[in-house]
There are 4 protein chains.
Amino acid sequence: MVAAAQPAQGQGKRARTKAANRQAILEAARQVFARLGAEATTVRDIIRETDLAAGTFYNYFKSKEEVFEALADEGVRRFRPRLASIRENASSLQAYLLEAYSAYFDFLNEENEEAIRHGAPHAAMIGVRVDTPEMQAVFEEIRTDLEQVAKSTGLSLADSGYLTAAAIGIAREVGDHMLLRRPVDTRGATEFATQLFLHGAGALASKNNS
Amino acid sequence: MVAAAQPAQGQGKRARTKAANRQAILEAARQVFARLGAEATTVRDIIRETDLAAGTFYNYFKSKEEVFEALADEGVRRFRPRLASIRENASSLQAYLLEAYSAYFDFLNEENEEAIRHGAPHAAMIGVRVDTPEMQAVFEEIRTDLEQVAKSTGLSLADSGYLTAAAIGIAREVGDHMLLRRPVDTRGATEFATQLFLHGAGALASKNNS
Amino acid sequence: MVAAAQPAQGQGKRARTKAANRQAILEAARQVFARLGAEATTVRDIIRETDLAAGTFYNYFKSKEEVFEALADEGVRRFRPRLASIRENASSLQAYLLEAYSAYFDFLNEENEEAIRHGAPHAAMIGVRVDTPEMQAVFEEIRTDLEQVAKSTGLSLADSGYLTAAAIGIAREVGDHMLLRRPVDTRGATEFATQLFLHGAGALASKNNS
Amino acid sequence: MVAAAQPAQGQGKRARTKAANRQAILEAARQVFARLGAEATTVRDIIRETDLAAGTFYNYFKSKEEVFEALADEGVRRFRPRLASIRENASSLQAYLLEAYSAYFDFLNEENEEAIRHGAPHAAMIGVRVDTPEMQAVFEEIRTDLEQVAKSTGLSLADSGYLTAAAIGIAREVGDHMLLRRPVDTRGATEFATQLFLHGAGALASKNNS
DNA sequence: CATGAATGAGCATTCATTCAT
DNA sequence: GATGAATGAATGCTCATTCAT
């Protein structure tokens with residue numbers, strides 16, 4: 001039993017260290033990407049946030065881009081199950097939208113909170129333009145789903161391409177806007193986005209005017 | 001007599017050359033920004049697209065950022081009049097949206113066509129992510145207008161911040177999507193965006209289902 | 001008569017302009033050298049102080065070094081007569097030293113005052129290390145003279161090389177020091193330098209101790 | 001057993017290499033400074049004298065100025081003890097001067113010999129204008145000392161500022177001159193400088209005339 | 001594997017100099 | 001001769017990447 005918990009001790013130690021180093025790099029990269037933007041981040045910036053040596057980086061990743069993709073993969077892996085179950089259980093477009101927007105806004109909020117917690121010294125950037133690799137990947141995932149869901153309903157006939165684009169656009173911009181408010185209200189953003197997408201600004205207005 | 005007119009020409013030639021060089025740099029920058037993203041672009045990338053020498057860049061601009069701003073200014077200068085008249089003449093939110101979306105999609109299309117016409121050597125990227133400084137500037141202009149228009153109607157009561165964000169998001173994503181289709185149909189995109197924003201996906205769907 | 005005063009009118013105008021431009025460049029160079037140091041001065045710095053165009057510089061000088069030398073020549077030309085007469089009229093070493101030190105300290109002071117008058121925006125440098133080309137040239141002139149004078153007296157037997165070096169060293173350092181005091185007292189410096197060189201610190205001390 | 005001692009060696013080698021590179025850069029800088037003057041020297045000039053790569057320079061120094069200061073520090077560190085003991089043990093001004101001039105001329109000679117030994121490819125400049133950072137630093141050290149010594153004696157009453165300047169000037173110029181002679185005679189220069197400073201040219205002359 | 005120093009290509013920028021007008 | 005824009009070599013410096021230990 002004990003042995004089973006620590007498979008092949010000596011190797012286990014090494015394996016753990018290896019995994020830990022990889023994780024450390026990813027974690028550092030996540031933070032630095034959020035802080036400086038993926039574009040402006042250098043490999044040096046990443047390893048500096050680590051207790052590892054410069055050369056070690058290349059034992060795990062071939063370049064900054066590979067880290068970027070690894071983060072994206074991680075994000076997707078974390079998010080795909082939720083999306084899959086949403087897609088399967090959605091009884092209506094509205095139901096799907098509510099769940100999907102909610103999932104996205106929650107995810108966005110988590111990423112953002114984490115960025116705020118860990119450093120993020122450039123106060124001006126807090127809450128603005130959280131465009132991590134994970135997020136982008138999740139985004140594409142949703143786009144695909146949404147296109148499928150749209151296609152499987154009468155609504156898609158209108159123009160599933162544009163409809164998906166619009167849904168995505170709403171998520172993106174309303175999501176960014178949401179992060180600027182305190183407290184961050186993912187629920188409110190979700191309802192807004194869903195209502196707007198389904199019934200337009202008119203519906204929202206009349207709701208508030210009455 | 002003709003000879004007497006010459007001096008002006010000598011000066012004219014110089015002036016023309018200067019203006020031409022400035023334009024060449026701006027044009028090159030516009031393309032490279034579109035291709036690589038403004039962030040990733042280096043001054044060298046820009047002048048390389050030109051038949052000018054490295055140092056010449058600095059006869060016209062102090063830095064990459066100055067080029068960026070010059071492009072943004074140019075875009076705004078070209079676009080602001082249209083926006084102003086739209087804003088003033090809009091009799092309803094629908095009218096404003098139709099005009100504004102139309103103006104934005106036209107502008108986007110123009111930029112895109114120009115990019116295609118002038119080189120754009122990396123064919124793969126044509127029509128994708130046209131995020132030039134001009135566009136960003138025009139964008140902010142619209143956002144401001146829209147917020148004002150929204151504020152001055154009952155609709156704003158709902159949540160002018162989110163509403164504006166949504167309208168922008170729709171424009172952004174539907175616009176990018178529009179450029180991927182052939183022929184590019186700005187009119188269709190305009191109507192789609194306006195309808196969706198005002199009445200939601202439901203309205204569009206029923207229209208097609210009936 | 002009138003014609004004689006303006007030899008060949010058209011040419012005269014041109015000649016005057018030519019000379020004036022050359023002078024303007026030299027004057028500008030003198031100032032900038034004093035302000036920034038000859039080493040750090042660029043051709044651009046010089047012509048910027050002028051109303052001439054960049055290219056014009058090269059109609060008069062091949063390089064910054066040539067300006068430097070022209071200034072040195074000018075300094076020597078201005079100074080050589082005084083030195084010559086001093087050398088010829090010196091009835092004793094003491095007489096020569098008094099006159100030569102006086103001439104050097106006066107020259108130094110003039111240069112310095114001019115530098116202060118014209119700009120010299122780096123206040124910290126005022127009065128410090130005035131090491132213009134003219135000065136260096138004058139310096140070498142003196143060195144030669146002094147060596148000759150020393151050689152022609154019994155004193156030189158000691159070691160005319162070292163003696164000259166010492167006289168020069170005293171002039172240099174005491175001169176710089178002199179410029180730091182207000183008011184600048186060339187007479188005092190001259191007497192000090194002469195006394196020290198001839199009779200040593202002992203003589204000076206006893207004079208004050210008594 | 002021997003193998004067990006190896007780990008230290010691995011580290012030792014690295015450490016040695018690092019120190020060696022730092023020394024190589026300093027050494028190269030010393031030479032190039034002497035050859036071209038500190039002002040005119042570029043970082044590239046320094047590393048070119050080395051078998052290191054351009055970027056390596058910045059592993060050791062942030063800029064040329066930092067090298068300059070490191071050299072100055074080194075010179076002072078090497079020289080300060082000698083000066084301190086001289087100052088403390090000086091029973092008279094003469095004693096102080098003898099020791100101080102001797103120390104300075106020896107130092108100058110060492111620096112010069114080193115420059116000759118290590119390359120100094122521009123033969124024409126050997127022995128001329130040795131104005132390294134170390135020397136400048138040592139110089140200031142002496143100036144301070146001398147001023148104090150002067151101040152603590154009756155001699156200072158004359159004019160300690162000028163006296164110090166004169167002593168320094170003598171050291172500078174006689175020192176440069178000394179290096180031009182073969183063999184280099186620091187002892188002779190020391191005696192000359194001390195005698196001249198204390199008793200003037202008259203004393204030296206009479207000594208030789210008799 | 002980890003380390004971290006060395007590498008050298010690449011970038012922004014400056015500046016002496018040339019040359020068409 | 002005067003002009004001033006164009007030139008491109010040179011400089012300080014950064015950074016991804018390699019490699020001996």
Side-chain angles (χ1 to χ4, degrees), chain A residues 13-15 17-18 21 41-48 50-65, chain B residues 6-7 9-22 41-48 50-65, chain C residues 13-15 17-18 21 41-48 50-65, chain D residues 6-7 9-22 40-47 50-65:
Chain A
K13 176 74 187 309
R14 230 184 311 193
T17 304
K18 254 191 83 172
N21 282 349
T41 299
T42 72
V43 171
R44 271 168 141 76
D45 291 332
I46 297 173
I47 55 136
R48 196 178 300 132
T50 283
D51 59 350
L52 298 173
T56 305
F57 178 90
Y58 294 90
N59 289 340
Y60 295 96
F61 303 97
K62 244 204 305 275
S63 71
K64 189 179 68 178
E65 277 65 36
Chain B
Q6 286 301 54
Q9 211 210 24
Q11 201 194 51
K13 179 70 190 307
R14 240 206 298 262
R16 227 181 308 138
T17 303
K18 253 196 88 171
N21 282 347
R22 195 188 151 88
T41 298
T42 71
V43 171
R44 271 169 145 79
D45 290 333
I46 297 174
I47 54 139
R48 201 176 295 134
T50 284
D51 59 350
L52 299 173
T56 305
F57 177 89
Y58 295 92
N59 287 350
Y60 295 96
F61 302 97
K62 254 210 290 284
S63 70
K64 188 181 67 178
E65 276 66 36
Chain C
K13 174 77 185 309
R14 228 185 312 194
T17 304
K18 251 191 85 171
N21 283 348
T41 298
T42 72
V43 171
R44 272 168 143 77
D45 291 331
I46 297 173
I47 55 134
R48 197 178 301 133
T50 284
D51 59 351
L52 299 173
T56 305
F57 178 90
Y58 294 90
N59 289 341
Y60 296 97
F61 302 96
K62 247 208 300 279
S63 70
K64 189 179 66 177
E65 276 65 36
Chain D
Q6 285 303 51
Q9 212 211 24
Q11 202 194 53
K13 178 72 188 307
R14 243 208 294 266
R16 228 181 307 139
T17 303
K18 255 196 89 171
N21 282 346
R22 196 189 150 88
T41 299
T42 72
V43 171
R44 273 168 147 81
D45 290 333
I46 297 174
I47 54 142
T50 283
D51 59 350
L52 299 173
T56 304
F57 177 89
Y58 295 93
N59 288 349
Y60 295 96
F61 302 97
K62 255 211 288 284
S63 70
K64 189 180 65 178
E65 276 66 35

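Only this structure's heavy atoms are used, side chains among them; waters, hydrogens and symmetry mates stay out. Note on naming: letters A, B, ... go to the chains in the order of the sequence lines (proteins, then strands), and numbering restarts at 1 for each one.
- Contact annotation: C/N21 does not reach the phosphate of F/dG1 (side-chain N/O to OP1 or OP2, under 4.0 Å).
- Taking atom CZ of residue D/F61 and atom C1' of nucleotide F/dC13, one finds them 16 Å apart after rounding to whole Å.
- Applying the 4.0 Å criterion to OP1 and OP2 of E/dA5, one finds that D/T56 has every side-chain N and O outside that range.
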When the side chains of residues 41-48 of chain A are checked against the rest of the protein, which donor-acceptor pairs come out under 3.5 Å, sequence neighbours left out?
{"residue": "A/T41", "atom": "OG1", "partner": "A/G37", "partner atom": "O", "Å": "2.7"}
{"residue": "A/T42", "atom": "OG1", "partner": "A/R44", "partner atom": "N", "Å": "3.3"}
{"residue": "A/T42", "atom": "OG1", "partner": "A/D45", "partner atom": "N", "Å": "3.0"}
{"residue": "A/T42", "atom": "OG1", "partner": "A/D45", "partner atom": "OD2", "Å": "3.2"}
{"residue": "A/D45", "atom": "OD1", "partner": "A/R48", "partner atom": "NH1", "Å": "3.2"}
{"residue": "A/D45", "atom": "OD2", "partner": "A/T42", "partner atom": "N", "Å": "3.0"}

As a check on the pairing definition, encode DNA chain E in dot-bracket form, counting Watson-Crick and G-U wobble pairs whose two distances are under 3.5 Å, and using | for partners outside this strand. .||||||||||||||||||||
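- Counting to the nearest Å, the P atom of E/dG4 and the CG atom of A/L52 are 10 Å from each other.
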What does the list of N/O pairs under 3.5 Å between the protein and nucleotides 9-12 of chain E look like, with a distance for each?
{"residue": "E/dA12", "atom": "OP1", "partner": "B/V43", "partner atom": "N", "Å": "2.9"}
{"residue": "E/dA12", "atom": "OP2", "partner": "B/V43", "partner atom": "N", "Å": "3.3"}
{"residue": "E/dA12", "atom": "OP2", "partner": "B/R44", "partner atom": "N", "Å": "3.3"}
{"residue": "E/dA12", "atom": "N7", "partner": "B/R44", "partner atom": "NH1", "Å": "2.9"}

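- When rounded to the nearest whole Å, the span between OH of D/Y60 and P of F/dC13 equals 18 Å.
- Rounded to an integer number of Å, the gap from CZ of C/F57 to P of E/dT18 is 12 Å.
- Checking E/dA2, F/dT7, F/dT3 against every side-chain atom of C/A53, the shortest atom distance belongs to F/dT3.
- Taking atom CD1 of residue C/I46 and atom C1' of nucleotide F/dG4, one finds them 18 Å apart after rounding to whole Å.
- In this structure, A/I47 atom CD1 and F/dT17 atom C1' are separated by 12 Å, rounded to whole Å.
- For B/K64 against B/F57, the heavy-atom pair with the smallest separation is N-CZ, 4.2 Å.
- For C/T56, the side-chain contact (heavy atoms from CB on, under 4.5 Å) test picks out C/L52, C/A53, C/N59, C/Y60, with sequence neighbours left out.
- Place A/D51 and B/N59 on DNA chain E by their nearest nucleotides, and A/D51 ends up nearer the 5' end.
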